[in-house]
Amino acid sequence: MKNTLLVVLVFILLSGCVVWKSARSVESPQTDGKITDTAQKIVFDTEKAPESSGIENIFGDENYFITHGDSFCPSAVYGMQVKNGEVVRYDEFRLKGGSQFDWEDTASSVDENGNRTLYLADIGDNLRFRTRKTIYLITRIENNRAVVDRKIRFRCVKDGKTVYADTESLFFYDGALYVMTKNSGKALMFRIPLDEGDRVDAEFVQSVSIPSLITSAAATDDGTVLAILSLEYLYFYDISDGIDELDSKVMKIYSSSGCRQCEGVCFTRDGRVAVTNEQGELYLFSVDF
C-alpha cells in the first residue's frame, strides 16, 4: 500500500513539473516576434518566490507584482518590488482562509472606487479527477496575511456533463471569471459567474484554437484586450465587442520560445505586459496594438 501511494505521489509531482509534448491539431501561427527579443528580462529569487505560476500587478504601484507557487508550494502569495531592472524587495503573505492544492493562475478586477480584488485559482488537475475546483477572492493584506474574503467552488460543465480537465488559466471579463483547459489544439473555455453564489456551474463558452499547452490568461482592466499564454505562444485578442468567437479576433501573436516554462501573464498598471516562468524570470514589454 505504501509503495502504491509513493508511486501515485511521484506521478502527480512529475505531472506538475514536466512539460508534456502533445500532437498538434492546429497549424502553427505566424508570429510578430519573440518575447525574449522584445522584453526586459528580470531575474528573481526562486527561494523567495518559488515556482511562479501566476502574476498580477496589484496591491502596490506599477512595479510591484504578486505571484504564487504551483502544487507542493506553501499556501502563500509573494510580492516582488522591481526597480531599475532588479527585484529589490520580496514579501511573503500566507493565505488566511484557504490552502494550496494546485494553484495555477491569478486574475484581478477593479471596482468603480478603484478597489482591487485578487482571484487565486486552485484549478489544476493533472490527473483529471477533481469534480469541483476553487477560486479564492482576496481584497486585502493584513498583518502580512492575504485574507480570503470569499471562496467559489465550481465545476466545468459542457452539454450537461462535468468536464474533467486540467485548467491552468484564469481571467476576469465583464463581471465574470473564465477558465480554459490546458490542452493544445482546441482548448475549452468556461464561464464562472460571480453573482450566483459560492457553489456554481461553469458553463462551456467556446473552443479556442491554440497549438500549444495553455498556462495563463489575463484581460485589461477596460475589457478590450485578452492575452492567452501557452508554452510556445502569447496570443492577444480584441475583445472590445465581446468574448465570443475568439479565433477571429487575434491581433498579435508572440513566440515564447526561449522563455522556458512560462506560466503567468498579466497587464501592468502602466500599460505593459508581464510574463513569468517557473525558473525565476520576469519579462516586461510593451505591445503596440
Side-chain angles (χ1 to χ4, degrees), residues 32-33 35 38-40 54-67 77 79 82 105-121 135-140 149-150 152 168-180 187 189-196 202-203 205-206 208 210 214-230 233-254 256 262-276 282-289:
D32 295 286
I35 293 175
T38 305
Q40 176 188 27
I55 188 79
E56 286 296 328
N57 180 214
I58 62 172
F59 301 144
D61 60 26
E62 65 269 16
N63 295 310
Y64 190 81
F65 295 91
I66 293 288
T67 188
V77 295
V82 176
D105 203 6
T106 53
S108 68
S109 64
V110 58
D111 65 18
E112 62 275 9
N113 298 317
N115 299 315
R116 291 267 172 179
T117 297
L118 175 69
Y119 304 95
L120 180 56
I135 305 292
Y136 295 111
L137 280 66
I138 301 166
T139 59
R140 65 194 190 281
D149 293 305
R150 181 183 172 194
I152 298 178
E168 294 199 4
S169 58
L170 177 78
F171 66 94
F172 176 90
Y173 173 76
D174 194 25
L177 293 169
Y178 293 80
V179 295
M180 296 179 64
M189 179 185 291
F190 300 87
R191 181 181 184 273
I192 305 169
L194 292 175
D195 56 359
E196 297 181 10
E203 298 289 347
V205 176
Q206 64 183 308
V208 183
I210 295 181
I214 296 171
T215 58
S216 185
T220 54
D221 282 343
D222 62 5
T224 59
V225 180
L226 172 67
I228 297 179
L229 176 69
S230 74
Y233 304 103
L234 175 59
Y235 280 67
F236 293 98
Y237 303 84
D238 180 358
I239 57 172
S240 56
D241 63 348
I243 199 70
D244 59 318
E245 299 180 359
L246 274 187
D247 287 348
S248 65
K249 299 179 178 180
V250 177
M251 292 190 295
K252 297 272 188 178
I253 306 173
Y254 284 84
S256 54
C262 288
E263 293 275 346
V265 64
C266 75
F267 292 95
T268 70
R269 295 171 70 176
D270 62 357
R272 293 176 294 171
V273 178
V275 171
T276 57
L282 169 65
Y283 296 90
L284 283 171
F285 61 104
S286 298
V287 180
D288 182 10
F289 297 117

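Source: prediction; values computed, not measured.
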S.K.: Should Asp174 and Arg191 count as an ion pair when the cut-off is N to O under 4.0 Å?
M.R.: no
S.K.: Decide yes or no for Lys249 and Asp241: does some side-chain heavy atom of the first lie under 4.5 Å from some side-chain heavy atom of the second?
M.R.: yes
S.K.: Would you check, one step at a time, whether the test side-chain contact (heavy atoms from CB on, under 4.5 Å) holds for Tyr119 with Ile192?
M.R.: CA-CA 12 Å; Tyr119 304 95; Ile192 305 169; over 6 Å; no
S.K.: Rounded to the nearest 0.5 Å, how far does OG of Ser230 lie from CD1 of Ile253?
M.R.: 10.0 Å
S.K.: With a 3.5 Å distance limit and no angle check, can you tell me whether Asp32 reaches the backbone of Tyr254 through a side-chain donor-acceptor pair?
M.R.: no
S.K.: Yes or no on side-chain contact (heavy atoms from CB on, under 4.5 Å) for Asp149 and Ile138, after CA distance, side-chain angles and deciding distance?
M.R.: CA-CA 6 Å; Asp149 293 305; Ile138 301 166; 5.6 Å; no
S.K.: So does Glu62 get a backbone contact from the side chain of Asp270, meaning a donor-acceptor N/O pair under 3.5 Å?
M.R.: no
S.K.: More than 12 heavy atoms of other residues, nucleotides or ligands under 6.0 Å from CG of Asp288: yes or no?
M.R.: no
S.K.: Which atom pair, heavy atoms only, marks the closest approach of Phe171 to Ala219?
M.R.: CB-N, 4.1 Å
S.K.: So, the side chain of Asn113 versus the backbone of Asn115: is there a donor-acceptor pair under 3.5 Å, distance only?
M.R.: no
S.K.: Could you tell me the separation between the CZ atom of Phe190 and the CD atom of Glu203, rounded to the nearest 0.5 Å?
M.R.: 9.0 Å
S.K.: Quick one: OG1 on Thr268 to CG on Leu284, what's the gap to the nearest 0.5 Å?
M.R.: 7.0 Å
S.K.: Do you know the tightest heavy-atom contact between Gly79 and Tyr64?
M.R.: CA-OH, 3.3 Å
S.K.: Spell out, as yes or no, whether a donor-acceptor pair under 3.5 Å connects the side chain of Tyr173 to the backbone of Ile239.
M.R.: yes
S.K.: Hey, does the side chain of Ser216 reach the backbone of Leu229 with a donor-acceptor pair shorter than 3.5 angstrom?
M.R.: no
S.K.: Could you pull out the closest heavy-atom pair between Leu120 and Thr106, with the gap in Å?
M.R.: CD1-CG2, 3.9 Å
S.K.: Under the side-chain contact (heavy atoms from CB on, under 4.5 Å) rule, what do Val77 and Phe59 come out as? Steps first, then yes or no, please.
M.R.: CA-CA 12 Å; Val77 295; Phe59 301 144; over 6 Å; no
S.K.: Say you draw a straight line from OH of Tyr237 to CD1 of Ile228; how long is it, rounded to the nearest 0.5 Å?
M.R.: 4.0 Å
S.K.: If you define the side chain from C-beta out and look only at heavy atoms, does anything of Ile55 sit under 4.5 Å from Ile66?
M.R.: no
S.K.: Do the ring planes of Tyr233 and Tyr235 sit parallel (below 30°), tilted (30 to 60°) or perpendicular (above 60°)?
M.R.: perpendicular
S.K.: List the atom of Ala107, the atom of Glu56, and the distance in Å for their closest heavy-atom pair.
M.R.: CA-OE2, 3.3 Å
S.K.: Out of curiosity, Thr220 OG1 to Leu226 CG, how far, rounded to the nearest 0.5 Å?
M.R.: 8.5 Å
S.K.: Do any N or O atoms from the side chain of Asp105 and from the backbone of Ala217 form a donor-acceptor pair under 3.5 angstrom?
M.R.: yes
S.K.: Where do Tyr283 and Thr38 land on the side-chain contact (heavy atoms from CB on, under 4.5 Å) test, with the steps shown first?
M.R.: CA-CA 9 Å; Tyr283 296 90; Thr38 305; over 6 Å; no
S.K.: Determine the interplanar angle of the Phe236 and Phe285 rings, folded into 0 to 90°, and report it as parallel if under 30°, tilted if 30 to 60°, perpendicular if over 60°.
M.R.: perpendicular
S.K.: Do the side chain of Thr117 and the main chain of Ser108 share a donor and acceptor less than 3.5 angstrom apart?
M.R.: no
S.K.: Do you know the tightest heavy-atom contact between Gly54 and Thr67?
M.R.: O-OG1, 2.6 Å
S.K.: Looking at every heavy atom in both Leu246 and Ile243, which two are closest together, and how far apart are they?
M.R.: CG-O, 3.5 Å
S.K.: Would the number of heavy atoms belonging to other residues, nucleotides or ligands and lying under 6.0 Å from CD of Glu245 be above 12?
M.R.: no
S.K.: Does a side-chain heavy-atom distance below 4.5 Å link Val82 with Phe65?
M.R.: yes
S.K.: To the closest 0.5 Å, what do you measure between CG (Asp111) and CZ (Arg116)?
M.R.: 9.5 Å
S.K.: Given 3.5 Å as the limit, does a donor-acceptor pair link the side chain of Lys252 with the main chain of Leu234, or not?
M.R.: no
